[in-house]
Structures are given as C-alpha cells and as structure tokens.
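Structure first, commentary second.
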Amino acid sequence: MIDLKLLQKDFDEVSTKLSRKNVDAKLLEELKTKNQELKEAKATYENLQAAQNSMSKEFGLYKQQGKDTSELKQKVDANKIKIAEAIEVQRIKEDELEKIAMAIPNIPDEDVPTGASEDDNLEIKKVLTPKEFAFTPKEHWELAEQNGWIDFERGVKLATSRFSVAFGMGAKLERALINFMLNFNSKRGFAEVSVPAIVNRAALEGTGQLPKFEEDLYKLQDQELFLIPTAEVPVTNLYQDEIIPKEALPIKMTAYTPCFRKEAGAAGRDTRGMIRQHQFHKVELVAITTPDESDKVFDEMVACASDLLNALELPHRLVMLCSGDLGFGAAKTVDIEVWLPGQNRYREISSVSNTRDFQARRAKIRFKENDKNLLVHTLNGSSLAVGRTLVAIMENFQNEDGSITIPKALEPYLN
RNA sequence: GGAUAGGUGGGUGAGUGGCCGAAACCACAUCCCUGCUAAGGAUGCGCAUGGGUAACUGUGCCGAGGGUUCAAAUCCCUCCCUAUCCA
C-alpha cells in the first residue's frame, strides 16, 4: 500500500510519480478526499466516545455514592445513538478508502525509465555470448519430446492444458536444478526455508496479490485458502505483523516451492511447451532489510541470479523494467532474460524486485530503531524458474542430432 | 468428526463488570554501585492511530466478529486457532 500520509502531504509529487505507472490522477484525488473524510469521521466518533467514557466513569461514581443516575442515564443514552451513527459513517469511509488504497500500485523509483510496455524496457547488459549453431536450433518442446524428457499430452490427461509431466532425465534435471540453485543461494548467504504452498487471504493481501488479482489464483473450495503463485508470498509473510530487532536485519532467505497460476490473462500466449504452465517449480530469493540497505541487497540478488546462469553457462541479459511494465507491488524490477536459440530471442527467467515499504506497510513488517517502529523494505526475486531453466538448457546445449549435453555444473547432482 | 482445556504485552503468566492497557516474573534499555569471567539496586519499557514544537493527551486493541450493559479482558452467541484425549 502506498503511504497515505505522503499522498496527503505531497499530492502532486505522488500523483506525478504514479502517473508513470498509468494510475489515474482522479483516482488519487478521490483517495485523498476519502482519507480526509475518514479522518474527520474518526475525530467525530472519538469525541463522542470520549464523552461516553467519561460519563460512564461518572456513572460508576454516582452509584457508589448512592446518587440519582436517571438524568445522567438520559444523557448517556442520547449520546449512544449519536455514537452508533458516527461508527456507521466511519465504517463506510473506511471501506471506501481501503477499496481504493489497496488497488493503488507502488510508486516507481526515480531511476526507473518511463514507458508504456515491455518495448520500453532498458537493457542494462548482456552476459555471455550466445553460441553459433552450425544447424538450425530446435525449440525446446521438440527437444523435450524427442529425448523423452517432457510429456505434454499426459499432463493434460492428468489435469488440463498447461500441465506437463517430466520423465527420466527431464525429472532428474529438475531435481538437480532445484538442489543446485538452493545450494548456490545458501552460499550467497540466503538461508534455506521450506514453507507451505497454501496460504490464507491475509498473506496474499500482505504481498499485494489480493485483493486485485484474485482471478489469477487457484482458490480452495469452501475455504479461504489459496495455492501460492510464488514463494514470495509465504516467505515474505513469515514476518507478517512482527517487529524485527534491527540486529537481525537483513534477513535473506531462499526457498523452493511449486507455484500455481491460472494465467487468466494469458490465453493464447505460449500455449506450446513449458514456458507458461499452471504449475511450475521455482527457487525464490526473499530479503527483508532496513531502508538503507535495500539497494545493496537488491544488487546482491540480481548478481546471485545472474551468476547462477553463468555457472550454468547460459547467455542472458539484464533488463530494467520501465514504469508501465512494472508489477503492482514493485518500485523497481530487474528482469533477467535467458537466451533461447530455438526461439531466437531472450525470455524472462528471473525477476528481481524491490517493493520498498509497500508490502511491509500491508503486512505490518517493522523493525525497531531508537525506540521507533519503522517499516522494513522487502525484496524478492526468482533464482530461478526451474522449468524455464530446463528449457534454456535444452535449447542452448542441444546437439545437431537432438541430444542434449548436460552443463558441467549439474554433473555432481546427477550421480 | 466427538470431548475437554485453552488463546492476555517480546516471553512466562495473573486477572469473573467500573479504580485494568492490564499484577508479577523473565528478557530488554539507561543509570548507580561493585570490581572481574558475575552479583545487587533504581528507573523505563505493548501496538496502532489522531491532536500538540514539546511535556502531554484523545481513541481503539486482551484470537476474530457480533450481542447484553451507563460501563466488558471479564457475561452471552457465532466463528477461527492451539493442546490433549477419543473415534
């Protein structure tokens, strides 16, 4: 959630910044008005309640002293009616405010380039040079089927479209990649955690998936529980509603989880292959830091994911997302795109975001400094999406006969 | 699924209608004393939010939501969660 005090104080500034993310200024204006109205409604209620409280105290005294309370009772009863009205007004204002506020995205950082879509994203650098093939490289689905690694039909049989099954070396490689990534991240100071793949509404509100993106989530029937779309949700919310001692920061974690996405808006995109599945494996990085340190940790996370690709000898590039392509909760995002020779283009394999205090405000994650409770910064990034890494390995390490060489880094994990 | 006991501040835990945002202890912070692998003493110490330069002060919060009452941590109802026992 954005800082409403800041909005109230520096409306024009916040409005300008958010306009880069295509937020309508009218909506912000409305938010500001509602916020002001709520404040007034609260003051009204609180004054009435204060009167009620003091009258109640008086009432007790009267009783004790055996005085007549009938006159006081009348006053108190009349006040009660006003209080009920005031509460109702306040409640309505609160609901209205929350509805708008929870749907406002995070403010982008200064250094985020302005732009409308992914076409305006800024390439930061390319890492490793794609190798030249003496033949026309195949796309991964062809290689996956030819090697018997992935079976797309049987995935559909078991569930529905966008599900697949990994067999043999395909399955082994998935497992090897998960272990390899977790170990790599551990060595970089990210402590391993294993978390539930089902979370409640509060967790999803904390990290910003709800209330706005419910249609993208798998929800359990008859329960207010959801399958996680990313480990970012359970791992970040580990510290929900906590005040963390400053010495404990930064907290850096890594977790492997399956991820589940309905891909509601993605009809027709990447229908072939395993780029966009409803269920996929991902190793995630999450960090909770003081505001001072979040930029530093952000760079560490980007470097971690990039180095992981280096270790796997996969050419990739770093891209800074422009304002229009930035996710809901992110103030800044660097995507890492891996080279796919079969598709002859770079595709996203990791996305590292700094949400600043946006999630912290929603999830109430704070730290104590000089006796003051301040909001932490939260960051998250994939390192990496396992399925897409497998895709990248297949396409980059393919031989002319369709066989696939295993990257050296994974050999210890396959014996 | 059934039964029972519970859910209180960072932790343990007291508190059955007003003097309770809440004893005591632990932890923590500052200070004092002492002088060396640690003890003693004093003071402070929940969260959120509004007002105020500040001192201070209003409101809400004792699992969640309702209800009774002038007044609820305390009584009533519903739900959630935890522990133990039974199926």
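Throughout, a chain's letter reflects where its sequence line sits, starting with A, and its residues are numbered from 1. Predicted, not measured: the structure shown is a model, and the values here were computed from it. Note: hydrogens, waters and symmetry copies are ignored here, and every other heavy atom, side chains too, is used.
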Whole-Å gap separating P (B:rC47) and NZ (A:Lys372)
13 Å
Phosphate contact (B:rG18 OP1 or OP2) by A:Lys57 side-chain N/O below 4.0 Å:
no
With a 4.0 Å cut-off on heavy atoms, is A:Leu61 in touch with a base, just the backbone sugar-phosphate, or nothing at all?
nothing
Nearest-Å distance for atom pair CE/C1', residues A:Met1 and B:rA48:
12 Å
Do the numbers put A:Lys246 on top of the ring of A:Phe367, so that NZ or CZ is under 6.0 Å from the six-membered ring centre and no more than 45° off the axis?
no
When the ring planes of A:Phe163 and A:His278 are compared, do they come out parallel, tilted or perpendicular, using 30° and 60° as the limits?
tilted
Can you find a pair of side-chain heavy atoms, one from A:Glu284 and one from A:Met181, that are under 4.5 Å apart?
no
B:rA73 and B:rA87, which share atom name C1', separated by this distance in whole Å:
35 Å
With sugar-phosphate meaning primed atoms plus P, OP1 and OP2, does A:Ala43 contact a base, only sugar-phosphate, or nothing at under 4.0 Å between heavy atoms?
nothing
Can you tell me if the side-chain N/O atoms of A:Lys80 get under 4.0 Å from OP1 or OP2 in B:rU68?
no
Both distances under 3.5 Å, Watson-Crick or G-U wobble: report the partner of B:rA42, or none.
B:rU30
Shortest non-hydrogen pair, A:Glu145 vs A:Glu153, comes out as OE2-OE2, 4.2 Å
Can you find a side chain N or O atom of A:Arg366 that sits less than 4.0 Å from OP1 or OP2 on B:rA48?
yes
When the nearest nucleotide of RNA chain B is assigned to A:Met55 and to A:Lys5 on a heavy-atom basis, which residue is associated with the more 5' position?
A:Lys5
Which is true for A:Asn47 with a 4.0 Å heavy-atom rule: it touches a base, it touches only sugar-phosphate, or it touches nothing?
nothing
Nearest-Å distance, CD (A:Glu247) to C1' (B:rA29)?
12 Å
From the list B:rU59, B:rG18, B:rG50, which nucleotide is the closest neighbour of the side chain of A:Asn53?
B:rU59
Among B:rC47, B:rG18, B:rA71, the one nearest A:Phe59 by side-chain distance:
B:rG18
Please state how far atom CD in A:Gln90 lies from atom P in B:rU59, giving the value in whole angstrom units.
14 Å
Describe the nucleic acid contact of A:Asn79 in one word from base, sugar-phosphate, nothing, applying a heavy-atom distance below 4.0 Å.
nothing
Take atom CG of A:Asp3 and atom C1' of B:rU49, then tell me their distance rounded to the nearest Å.
14 Å
Between NE2 of A:His316 and CG of A:Leu340, what distance do you get to the nearest 0.5 Å?
13.0 Å
Candidates B:rU59, B:rA71, B:rA48 - which lies nearest the side chain of A:Asn373
B:rA48
Whole-Å distance, A:Leu72 CG to B:rA71 C1', equals 11 Å
Find the partner of B:rC25: check Watson-Crick (N1-N3 plus N6-O4 or O6-N4) and G-U wobble (N1-O2, O6-N3) distances, both under 3.5 Å, and reply none if neither fits.
B:rG11
For B:rA64 versus B:rC81, give the span between their C1' atoms, rounded off to a whole number of Å.
10 Å
Calculate the interatomic distance between A:Lys42 atom NZ and B:rC61 atom P; express it in whole Å.
13 Å
pair_partner(B:rU37), Watson-Crick or wobble, both distances < 3.5 Å, evaluates to none
With rounding to the closest Å, how many angstrom separate the P atoms on B:rG15 and B:rG58?
29 Å
Given that both distances must come in under 3.5 Å, which nucleotide forms a Watson-Crick or G-U wobble pair with B:rU53?
none
Considering only heavy atoms and no angle criterion, is a donor-acceptor pair shorter than 3.5 Å present between the side chain of A:Glu46 and the base of B:rG58?
yes
Between A:Phe213 and A:Phe328, does the ring centroid distance fall short of 6.0 Å?
yes
Quick one: label A:Arg91 by what it contacts on the DNA or RNA (base, sugar-phosphate, nothing), any heavy atom closer than 4.0 Å.
sugar-phosphate
Any side-chain N or O of A:Gln49 below 4.0 angstrom from OP1/OP2 of B:rG58?
no
For B:rG65, give the paired nucleotide (Watson-Crick: N1-N3 plus N6-O4 or O6-N4; G-U: N1-O2 and O6-N3; both under 3.5 Å), or none.
B:rC77
Want to settle it: does A:Ser56 or A:Val76 sit nearer the 5' end of RNA chain B, counting the closest nucleotide to each?
A:Ser56
Nucleotide paired to B:rC70 in any strand shown, Watson-Crick or G-U, under 3.5 Å:
B:rG18
For A:Lys75, which contact category applies under a 4.0 Å heavy-atom criterion: base, sugar-phosphate, or nothing?
nothing
Nearest to the side chain of A:Ala50, heavy atoms from C-beta on, is which of B:rA71, B:rC47, B:rU59?
B:rU59
Gap in Å between the two C1' atoms, one belonging to B:rG10 and one to B:rU4, rounded
31 Å
Identify which one of A:Ser353, A:Ser382, A:Ser351, A:Ser350 satisfies the side chain to side chain donor-acceptor pair (under 3.5 Å) criterion when paired with A:Asp335.
A:Ser351
Hey, does the side chain of A:Asn396 reach the backbone of A:Ala392 with a donor-acceptor pair shorter than 3.5 angstrom?
yes
Can you tell me how far C1' in B:rG17 sits from the matching atom in B:rA22, rounded to whole Å?
15 Å
B:rC70 P sits how many Å from A:Tyr62 OH, rounded?
17 Å
Any strand: nucleotide that pairs with B:rU59 via Watson-Crick or wobble, under 3.5 Å:
B:rA48
Looking at every strand, decide which applies to A:Tyr45 at a 4.0 Å heavy-atom threshold: base, sugar-phosphate, or nothing.
sugar-phosphate
Under 4.0 Å: is that the gap between some side-chain N or O of A:Lys39 and OP1 or OP2 of B:rG51?
yes
Can you spot which of A:Arg276, A:Arg388, A:Arg162 makes a salt bridge (Lys or Arg N to Asp or Glu O under 4.0 Å) with A:Asp270?
A:Arg276
What's A:Glu58 touching, base or sugar-phosphate or nothing? Going by heavy atoms closer than 4.0 Å.
nothing
Say we look at B:rC25 and B:rU69: how far apart would their C1' atoms be, to the nearest angstrom?
35 Å
With C1' as the reference atom in both, quote the distance from B:rG44 to B:rU59 in angstrom, rounded to an integer.
25 Å
Is any side-chain nitrogen or oxygen of A:Lys368 closer than 4.0 Å to OP1 or OP2 of B:rC47?
yes
Scanning all shown strands, the Watson-Crick or wobble mate of B:rU4 with both distances under 3.5 Å is B:rA83
Interatomic distance at C1', B:rC62 relative to B:rA23, whole Å
14 Å
